[in-house]
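Heads up: the structure comes next, in structure tokens.
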Amino acid sequence: MSRIQKERDRLLATTARTVGLTATATTLLTLSVPGTIPLPLYFASLVLLACMGVAQFQLTTLARLTVWMCVIVVAGVGIILLNLLPGVQLGPSAVTTIGVIGAVGVACVSLLGPTSRRRTLVTILAGAVTLGASVTTLLVTGSRLVEILIFVAAGWVALTATGVWLARTVPRALKRISTMSRAYRVERQASETEARRRQGARLLHDTVLATLTLLAHSGVGVGVGALREQAAEDAALLRQLRLGFTPDPTRSGDYRLKPVEESTLGNTLESVKQRFRRMGLEVNWHGAGQVLLPSDVLDSFLLALGECLENVRRHSGVNEAHVTITDDETTVRAMVTDAGKGFDVASIEEGRLGFTESIVARLRDVGGNARLFSSPGSGTTVVLEVPK
């Protein structure tokens with residue numbers, strides 16, 4: 001038996017137990033009304049009620065369901081037929097007892113009928129026997145007949161229809177839930193596979209980079225002499241600073257230090273990076289370490305760059321941006337990229353390019369330019385150009 005069938009049978013058995021025990025408790029109350037039935041027959045009815053209640057309670061175990069269904073039918077029919085023994089017309093409480101037992105107490109087995117052919121046969125026989133016992137008891141005792149028979153028939157029809165509806169609806173619902181679970185599991189496995197693939201790619205990248213680094217240094221890394229020379233230069237500089245000497249160099253390695261009318265871009269880029277890091281945006285710098293720019297060009301360049309990074313922080317949906325600085329003999333370029341949600345460039349008004357028109361105008365005032373590349377789901381790239 002599949003899991004769906006087990007869940008269906010468990011639901012039907014739980015419903016049948018609840019309905020049956022409710023009818024049993026109601027029958028106990030109607031039988032307990034004084035004068036309903038002689039005392040010996042009352043005790044016999046209590047025994048039959050106890051047997052029926054135990055059988056109804058055992059339905060949820062899903063073991064020997066057919067046997068418990070037969071016990072319910074036999075006990076219920078026995079309670080109905082006990083009303084024949086006094087040989088007198090039945091009172092209202094006794095008639096109510098027959099109606100409740102026939103329409104609900106015994107009819108609860110009809111909820112389990114659709115689960116198998118054998119139980120369907122038991123349900124049909126139980127309905128016929130219950131209806132026959134009720135008709136016989138009411139006719140022999142000369143009691144009300146039509147109302148009780150209609151009540152009994154209506155109870156069997158209602159519970160049978162409920163059982164059929166639940167038996168057909170529950171499997172469909174469970175199959176849909178199972179289909180959704182499988183789809184979720186497949187999606188999760190695909191995500192895990194993609195994560196493993198990315199992890200493998202990163203591992204391969206790190207391995208290749210480490211191998212190339214080892215080959216570049218001939219397997220020995222930085223030479224001892226170079227380290228000692230650098231340490232000696234650093235120690236000499238620290239000693240001069242400690243003695244109060246203020247260094248005033250004109251060059252640093254391959255870089256020419258700024259004249260009065262120019263500013264170095266490297267230090268200002270680091271300040272921009274730190275400012276956005278404090279606001280939650282990690283900025284990764286690539287390319288030229290230091291570039292000389294006139295002060296007015298530098299101001300316009302940094303304003304445009306900061307506005308681009310602010311747009312990444314607010315609108316891209318990611319917390320990381322990459323800035324690549326390149327320069328040639330005439331131009332300094334900054335390429336700001338992110339892996340965010342992107343947007344349709346055609347939907348942006350002309351002249352805005354993702355940041356304010358005043359920044360673009362200021363770039364153009366100093367001879368610069370700005371270009372924008374983006375598409376939905378593929379991130380955004382902004383290229384800023386200013387002359388040296």
Side-chain angles (χ1 to χ4, degrees), residues 187-235 237 251-257 264-293 301-302 305-306 308-313 316-329 331-342 371-386 388:
E187 182 180 1
R188 185 185 63 185
Q189 291 174 353
S191 300
E192 293 175 352
T193 302
E194 179 66 15
R196 288 194 295 269
R197 187 187 67 80
R198 290 178 179 272
Q199 183 180 6
R202 286 195 299 269
L203 180 61
L204 178 61
H205 172 269
D206 294 342
T207 303
V208 172
L209 183 61
T211 303
L212 293 176
T213 303
L214 185 65
L215 293 175
H217 291 284
S218 302
V220 297
V222 181
V224 177
L227 290 175
R228 288 178 177 175
E229 182 179 353
Q230 182 65 43
E233 293 177 356
D234 293 341
L237 178 60
R251 299 184 62 85
S252 176
D254 295 332
Y255 296 103
R256 181 171 56 87
L257 301 184
T264 303
L265 183 61
N267 297 331
T268 53
L269 290 180
E270 184 64 26
S271 64
V272 172
K273 175 180 179 181
Q274 296 299 330
R275 177 164 63 89
F276 279 96
R277 176 178 293 176
R278 289 192 296 270
M279 292 189 293
L281 179 65
E282 185 66 28
V283 182
N284 298 315
W285 301 101
H286 311 279
Q290 288 183 335
V291 178
L292 294 176
L293 287 174
F301 185 74
L302 291 178
L305 181 61
C308 292
L309 293 175
E310 182 66 17
N311 283 338
V312 173
R313 187 181 71 87
S316 67
V318 297
N319 57 2
E320 184 180 23
H322 294 268
V323 178
T324 301
I325 304 295
T326 59
D327 67 316
D328 52 24
E329 296 178 357
T331 307
V332 175
R333 295 180 183 86
M335 185 170 64
V336 183
T337 61
D338 65 80
K341 56 187 178 183
R371 289 176 292 169
L372 174 66
F373 308 91
S374 182
S375 61
S378 301
T380 304
T381 299
V382 179
V383 179
L384 306 176
E385 297 178 343
V386 293
K388 281 191 174 180

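This one's a predicted model, so the numbers in the text were calculated from it and none came from an experiment. Along the sequence shown, residues are numbered consecutively beginning with 1.
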About how many Å separate [atom2] of [Y] and [atom1] of [X], when rounded to the nearest 0.5 Å?
| X | Y | atom1 | atom2 | answer |
| --- | --- | --- | --- | --- |
| Ser191 | Arg196 | OG | CZ | 10.5 Å |
| Lys273 | Arg278 | NZ | CZ | 12.5 Å |
| Glu229 | Asp234 | CD | CG | 10.5 Å |
| Asn319 | Met279 | CG | CE | 13.0 Å |
| Leu384 | Arg371 | CG | CZ | 10.0 Å |

Using the salt bridge (charged side-chain N to carboxylate O under 4.0 Å, His left out) criterion, which residues pair with Asp328? Sequence neighbours excluded.
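Asp328: salt bridge (charged side-chain N to carboxylate O under 4.0 Å, His left out) contacts with Arg333.
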Within a strict 4.5 Å, meaning less than it, do heavy atoms of the Val323 and Leu309 side chains meet?
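Yes - at least one pair of side-chain heavy atoms lies under 4.5 Å apart.
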Between Val272 and Val283, is there a side-chain heavy-atom distance shorter than 4.5 Å?
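Side chain of Val283 against side chain of Val272, heavy atoms only: no contact under 4.5 Å found.
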Do you know which two heavy atoms are closest between [X] and [Y], and how far apart they sit?
| X | Y | result |
| --- | --- | --- |
| Phe276 | Gly306 | CZ-O, 3.3 Å |
| Glu320 | Asn284 | OE2-ND2, 2.6 Å |
| Val382 | Cys308 | CG1-SG, 3.7 Å |
| Ser374 | Gly379 | OG-O, 3.1 Å |

With sequence neighbours excluded, what pairs up with [X] under the side chain to side chain contact (heavy atoms under 4.5 Å, CB included) test?
| X | value |
| --- | --- |
| Gln189 | Arg185 |
| Thr381 | Met335, Thr337, Phe373, Val383 |
| Thr207 | Leu203, Thr211 |
| Val318 | Ser316, Asp338 |

All pairs passing salt bridge (Lys or Arg N to Asp or Glu O under 4.0 Å) where residues 198-210 contributes a residue, at least two apart:
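Passing the test, one end in residues 198-210: Glu194-Arg198.
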So for atom CD, which belongs to Glu233, do other residues, nucleotides or ligands contribute more than 12 heavy atoms lying within a distance under 6.0 Å?
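Above 12, so yes.
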Worked check of side chain to side chain contact (heavy atoms under 4.5 Å, CB included) between Leu372 and Thr380
CA-CA 8 Å; Leu372 174 66; Thr380 304; 3.5 Å; yes
Looking only at atom types and distance, does a side-chain atom of Thr331 sit under 3.5 Å from a main-chain N or O of Val386, one as donor and one as acceptor?
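Between the backbone of Val386 and the side chain of Thr331 there is no qualifying donor-acceptor contact (under 3.5 Å).
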